[in-house]
Structures are given as structure tokens and as C-alpha cells.
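In what follows, chains carry the letters A, B, and so on, assigned in the order in which the sequence lines appear, proteins first and then strands, with residues in each chain numbered from 1.
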Amino acid sequence: MLDDMDKLVSLCKRRGFIFPSSEIYGGLNGFWDYGPLGVELKRNIKDAWWRDNVRMRDDMVGLDCSIIMNPRVWEASGHVGGFSDPMVDCRASKERYRADQIFVFAYVYPAVNHKGEPTEAWLAGLGGTPEEAAEHVEKRAAKLAKRFGQPVGAPSIIPYLKLEPNDRDKVVGPATEDRGTLTEPRAFNLMFKTFVGALESESNVAYLRPETAQGIFANFKNVVDTGRVKLPFGIAQVGKSFRNEINPRNFTFRSREFEQMEIEFFCRPDQAQEWYDYWRKARFQWYVDLGLKSDRLRLRDHDPDELAFYSTATADIEYAFPFGVSELEGIAHRGDYDLTQHMKFSGKDLTYFDEERKERFTPHVVEPSAGADRATLAFLCEAYAEDEVGGESRTVMRFHPRLAPVKAAVFPLVKRDGMPETAEAIYRDLKRRHNVFYDEKGAIGRRYRRQDEAGTPFCLTVDSQTALDGTVTIRDRDSCRQWRIPKADACQALDNLLDGLPIPGDA
RNA sequence: GCGGGUGUAACUCAAUGGUAGAGUACCUGCCUUCCAAGCAGGCUACGUGGGUUCGAUUCCCAUCACCCGCUCCA
């Protein structure tokens with residue numbers, strides 16, 4: 001079990017799974033590159049997802065949308081405006097608040113200072129409404145009343161965003177006694193901005209997509225009109241997304257450029273809950289089937305107060321990483337929120353006509369949204385193991401065979417007696433179907449261990465007996481167990497092993 | 001974004017105000033018939049930019065990156 005990310009980061013670097021982006025220039029915070037083994041692993045994960053969720057199903061189609069879209073898409077989705085809230089920092093308490101959730105209560109007390117001016121106290125309170133904010137403020141105001149007398153009249157209530165800049169210094173933050181510790185509201189827009197065309201003007205601003213989902217909604221009508229699809233059905237997309245995270249952390253877990261595997265599953269409103277339950281279970285099981293078997297994998301339903309305002313139910317598939325329990329995938333029941341928003345902003349009709357029921361309605365959506373990089377990281381963490389073979393410790397990556405970057409390695413036991421030639425012929429044969437590796441250098445034990453660290457599930461070795469009876473040994477990564485198979489059956493044996501079918505010639 | 005820590009070879013780590021050493025790994029050769037064996041040889045490093053100094057990997061400043069804690073995570 002991996003208990004320390006440093007070990008994994010080190011192995012990823014050493015074996016070529018993951019490197020810091022543009023490392024020779026010192027890297028870039030929040031960006032990572034996948035090396036030769038990493039790209040195979042991540043690709044296998046994405047391929048498994050696509051195969052299991054799109055190809056193998058009759059009710060799913062795929063899509064590949066552009067990363068830069070008409071900026072109006074992000075107005076409809078709420079990414080421009082709604083979620084780019086200005087934030088306010090408190091210099092004293094180091095707290096950060098949403099500016100729209102701070103209300104300032106300006107009290108005036110009868111006591112006067114040496115200039116004869118009345119004593120004022122501008123107290124900041126937190127809450128979605130002035131009433132909520134007042135609760136906290138009133139206690140503090142009452143304390144002040146003991147010193148300065150009962151306030152004159154009711155306090156004036158000013159939303160922090162409406163505050164005159166000069167008045168900001170008067171405000172006492174929610175967690176301090178001192179005035180003037182709050183900063184001006186600052187925008188934290190998490191979308192990467194760019195310009196379409198050579199001219200950098202406000203009129204041609206565009207954004208790198210912060211999620212793949214909106215491209216699916218924007219194409220809903222196209223798919224319905226041309227795809228010969230009938231409700232219920234889903235649209236799937238795998239692709240890069242970008243979020244200018246304030247604080248990237250935890251290796252590749254929170255990156256500024258990342259890859260998503262998203263499904264928007266459209267259905268009749270009265271079936272949405274059923275489909276939500278279905279996807280919640282199905283998506284969890286997918287991770288289990290691919291090897292996240294330990295109790296580090298969890299399914300957690302959101303509490304009602306955690307839900308986005310448009311969602312009636314959301315569940316997170318979480319994994320207990322060494323740095324904490326974190327989300328791999330969210331399954332959200334989003335109702336008709338997204339299509340309704342896009343109808344409002346685009347003016348286009350995105351309702352669906354059910355031919356059998358002769359009904360027109362706006363489909364409801366269940367959204368299983370997974371992070372490919374997060375899944376990759378979870379599979380890496382889960383696979384990492386240290387055990388002992390013949391009294392020697394080894395590091396082994398126990399990837400599910402479907403996900404392993406290299407499926408098999410082929411070795412000659414020693415570099416003579418025609419063994420390399422025989423081994424290479426087997427290698428050439430296997431390579432047509434699988435990602436396999438050939439190695440004739442060094443001691444055989446060393447070659448096995450090298451493959452263990454790469455997570456290669458099987459090793460085929462040509463020895464002196466091969467020339468006599470045409471068999472080779474096959475070694476299992478996890479158990480180090482070996483048995484012999486005819487070399488002519490090598491390809492079929494590997495196919496079976498990778499598919500979990502019975503092993504030919506097993507003894 | 002705040003606070004703390006760390007940056008030396010591919011990896012893990014030393015030492016040092018006078019330009020650096022080990023283990024592992026990697027490469028070449030010999031040997032070797034199944035789990036990191038042995039012998040010989042070889043390659044590779046002071047994150048970046050300033051400053052102090054005759055001279056800086058070492059001291060100072062800044063910056064970048066990573067780690068830990070807070071914060072954030074639509």
C-alpha cells in the first residue's frame with residue numbers, strides 16, 4: 001500500500017510515467033507531462049472508458065468538440081459571471097471570503113471623539129442575505145454598545161461590493177477586532193482567457209473550456225437531428241479542459257490542464273432518478289473492475305446543503321490518496337438546467353419530441369464526469385506495492401492487465417545459443433497485437449524486476465528447452481509463478497490472459 | 001493567496017567560501033541456464049537570476065518548482 005506520494009513521484013520520474021511540464025526550464029505550476037509508460041497507461045484508461053461506456057453500449061454516442069467555443073456558451077453555463085465571484089482576503093485573519101457574501105453594518109454610537117465626531121463601527125458580517133449576516137454582527141455590536149452607549153438608530157447595511165473604496169478602511173472584518181484588514185474585492189476567474197484572431201481586443205475574447213460538458217449540450221440538437229438516437233441516450237466525450245486553479249496541488253491531482261471523460265445522459269424527467277441510480281452504481285463498479293478493489297475507493301452521496309442549486313442529487317466517487325480522500329468522478333442529476341440555460345441564451349429550441357408518447361419536453365440529464373488524470377493517479381497509487389521475492393524486496397506496479405502500459409516482455413534467458421533470435425521472433429509476432437517489450441541485456445532476474453516496476457503483467461522467456469520442445473516459460477508478475485507454453489501459442493495465451501480467460505497449458 | 005520546509009547525477013542522499021562524492025540505476029565488454037550475482041570500464045549534477053567576495057554549489061536577496069499545513073476547488 002502506498003502511504004507516501006514521494007515514493008510514487010520518484011518512481012514516475014524514474015520509469016517515465018510522469019514528468020513536470022517543460023522541466024528543463026524549471027517546470028510550470030499545475031502542468032505535467034506523461035512519459036513513455038505514462039502515456040500508454042493513461043491511453044489504456046481512456047480506451048477502456050470509451051470501450052465500456054460508448055462502444056459496448058447501444059444507447060451512447062461519442063463527440064469531440066473544440067476546446068474554444070463561442071463565449072456565449074460560458075455565459076449560459078454560468079462560468080462567466082456567476083462563478084467568477086470576486087473574493088476578499090483578510091490580512092489579519094488570513095481568511096478569504098466571497099465578496100457577495102459580506103455585508104457591512106455601519107453603526108453610529110452616541111460617544112464622540114476629541115474632534116466631536118460620533119463613534120462609528122463598520123462591522124462586516126457573513127451571509128447570503130443581510131439577515132443572515134446580521135446574526136453574527138449583532139453580538140459584536142452589543143459589546144460595543146457597552147462602551148459607547150446604545151447605537152443611534154438602526155445600522156445602515158451596505159453590501160461589500162457596493163462599498164465606496166474610501167470606506168473600505170473603516171470595515172472591521174468578520175474574524176478580527178481591527179478595521180481596514182479586508183482587501184478590495186478581487187476577481188478569481190478560473191477560466192483561461194485568450195483572443196480569437198490576431199487582434200487583442202475585448203470584442204474577440206474567448207476562453208479555453210473549463211469542462212467538456214458544455215460542448216455536449218451545445219451539440220445536443222445536432223446529435224438528435226442526425227444521430228438517429230432516441231431517448232434515453234447518452235453523449236460521451238473525452239478531452240482536455242483547463243482551469244486556472246488558484247492553487248494546484250498534490251502531484252497531477254489538481255492540474256490547470258487536465259483531461260475529462262464525461263457523459264451527459266439524456267432521459268425523460270420521470271426516469272431521471274432511475275438513471276441516476278444506475279450510473280451511480282455502474283460508474284463505481286467500473287473502477288472496481290479495473291482494479292481499484294481496496295476500501296480506498298468510496299462512493300459518497302452529497303448532503304443536501306452540498307448540492308449545486310440546480311442538482312437534486314450528486315454522488316462522488318472518491319479515492320483515499322496518501323494526501324487525502326479526493327474526488328475521481330462526480331455523478332450529478334442535473335435536471336433540465338443545462339438545456340434550459342442554452343435555450344434561454346441561444347434562443348434555439350432544445351426540447352425533445354417523444355414520438356411514441358406524442359410528448360414534447362426538455363430532457364433531464366444525468367452527468368457522470370470523470371477525470372482521466374485523477375483516475376490515472378488513483379490506478380498508480382493502487383498499483384504501487386512493495387513485497388519480497390526470495391528474500392529480496394521489490395517494487396511492483398500491480399496494474400490490471402487491461403491498463404498495464406506494457407502487456408508482456410520477451411527475453412532470451414542468455415544471449416547465445418540462438419535464444420535471442422527465437423525470442424525476437426516471438427516478440428515480433430506479439431507486437432502486431434499488443435504493446436510488448438524485448439530485452440536481452442543483463443541478468444534475467446534484473447530484467448524481471450525492471451518489468452515489475454513498469455507493471456508488465458507477463459514475461460516470456462526463451463531457454464535451452466525451447467530449442468528441444470518449442471516451449472517457453474511464462475511468468476506472472478504478481479505471483480512470480482512460471483509455467484511453460486508452446487511458443488506457437490504465445491499470442492493466443494497472451495490474448496486469453498489479458499481477457500481473463502483460462503490459460504492454455506497451465507499446470 | 002498565506003505560513004513553514006526543500007531544491008546537488010536518472011533515483012535516493014553526502015560534503016564544501018577555492019567548481020563536488022557515494023549507493024542504486026543506466027551504457028560497453030567478459031562471465032552467467034530463471035528472479036536486482038560477479039569482474040573491468042564508462043556517462044551524468046550544484047533549479048534560475050542578481051548581490052557580497054579575489055573567488056559562491058556553499059552566505060544574502062529575488063524568482064521558479066516541489067512538499068506539508070491553512071485557503072480554494074463552479
Side-chain angles (χ1 to χ4, degrees), chain A residues 4-7 9-16 19-32 35 74 77-85 87-98 183 186 188-191 210-211 213-214 243-251 253-256 258 306-311 314 316 322-324 326-327 330 332 369 371 388-396 411-417 419 441-453 459-467 472-477 479-482 484:
Chain A
D4 180 5
M5 282 304 283
D6 287 348
K7 284 182 179 175
V9 173
S10 166
L11 181 137
C12 281
K13 182 75 199 301
R14 189 169 69 243
R15 288 298 173 191
F19 308 123
S21 165
S22 45
E23 193 184 10
I24 60 169
Y25 292 100
L28 187 61
N29 192 344
F31 297 89
W32 299 90
W74 308 114
S77 70
H79 288 81
V80 174
F83 296 117
S84 53
D85 299 311
M87 305 294 282
V88 173
D89 288 317
C90 177
R91 297 186 188 93
S93 67
K94 308 299 179 194
E95 303 268 336
R96 172 172 290 165
Y97 312 104
R98 268 175 58 177
T183 64
R186 293 178 289 192
F188 289 86
N189 193 327
L190 294 187
M191 278 197 295
E211 60 177 38
Q214 298 305 324
R243 292 181 196 178
N244 211 345
E245 298 285 357
I246 294 165
N247 190 3
R249 268 297 164 85
N250 298 328
F251 201 27
F253 185 82
R254 185 175 301 147
S255 301
R256 291 190 161 119
F258 56 99
E306 242 183 307
L307 294 173
F309 66 89
Y310 47 75
S311 177
T314 299
D316 281 348
F323 50 77
S326 303
E327 178 190 346
S369 171
E388 278 200 3
V389 175
E392 298 279 343
S393 71
R394 71 162 179 168
T395 302
V396 54
F411 309 138
L413 185 59
V414 288
K415 211 172 9 171
R416 54 179 165 78
D417 300 340
M419 291 182 205
K441 296 186 189 78
I444 188 74
R446 182 190 301 270
R447 282 178 269 163
Y448 285 142
R449 298 299 174 83
R450 252 196 294 247
Q451 293 307 315
D452 290 340
E453 270 202 349
C459 293
L460 302 173
T461 302
V462 171
D463 58 13
S464 55
Q465 196 179 323
T466 306
V472 297
T473 66
I474 183 162
R475 168 196 185 260
D476 173 67
R477 174 194 67 201
S479 63
C480 295
R481 207 166 57 86
Q482 282 182 297
R484 302 194 73 89

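- At B/rC35, none of the side-chain N or O atoms of A/Arg481 fall inside 4.0 Å of OP1 or OP2 (strictly under the cut-off).
- Contact annotation: A/Arg446 reaches the phosphate of B/rC26 (side-chain N/O to OP1 or OP2, under 4.0 Å).
- Straight-line distance from the CZ atom of A/Arg447 to the C1' atom of B/rA37: 13 Å, rounded to whole Å.
- Side chain A/Gln482 to base B/rC34: a donor-acceptor pair is found below 3.5 Å.
- Closest to the side chain of A/Trp32, out of B/rC68, B/rC66, B/rA65, is B/rC66.
- Taking the side chain as every heavy atom from C-beta outward, A/Arg450 and A/Arg15 approach each other to under 4.5 Å.
- At least one side-chain nitrogen or oxygen of A/Lys13 sits closer than 4.0 Å to the OP1 or OP2 atom of B/rC11.
- Under the Watson-Crick or G-U wobble criterion, with both distances below 3.5 Å, B/rU63 is paired with B/rG47.
- Considering only side-chain N and O atoms, A/Arg477 lies nowhere under 4.0 angstrom from the phosphate OP1 or OP2 of B/rC35.
- With B/rU33, B/rC34, B/rC72 as the candidates, the nucleotide lying closest to the side chain of A/Met419 is B/rU33.
- In this structure, A/Arg450 places its CZ atom 9 Å from P of B/rA25, rounding to the nearest Å.
- Applying the 3.5 Å distance criterion, the base of B/rC11 shares no donor-acceptor pair with the side chain of A/Ser10.
- The side chain of A/Asn250 contributes an N or O atom lying less than 4.0 Å from OP1 or OP2 of B/rC68.
- Applying the 3.5 Å distance criterion, the base of B/rA36 shares a donor-acceptor pair with the side chain of A/Arg449.
- Contact annotation: A/Asn29 side-chain N/O to B/rC66 OP1/OP2 distance is under 4.0 Å.
- With B/rU71, B/rC67, B/rC34 as the candidates, the nucleotide lying closest to the side chain of A/Ile444 is B/rC34.
- In this structure, A/Leu413 atom CG and B/rU32 atom P are separated by 13 Å, rounded to whole Å.
- At the heavy-atom level, A/Tyr25 lies nowhere under 4.0 Å from the strands shown.
- The side chain of A/Arg249 places no N or O atom within less than 4.0 Å of a non-bridging phosphate oxygen (OP1 or OP2) of B/rC72.
- Counting distance only, with no hydrogens placed and no angle test, the side-chain atoms of A/Asp463 and the base atoms of B/rC34 include a donor-acceptor pair under 3.5 Å.
- Distance check, rounded to the nearest 0.5 Å: CG of A/Asn247 to CG of A/Asn29 gives 7.5 Å.
- Pair assignment for B/rG21: B/rC13, on the basis of Watson-Crick or G-U wobble contacts that are both within less than 3.5 Å.
- Base contact: A/Arg475 has a heavy atom under 4.0 Å from a base atom.
- For A/Leu190 and B/rA74, the CG to P distance is 9 Å, given to the nearest whole Å.
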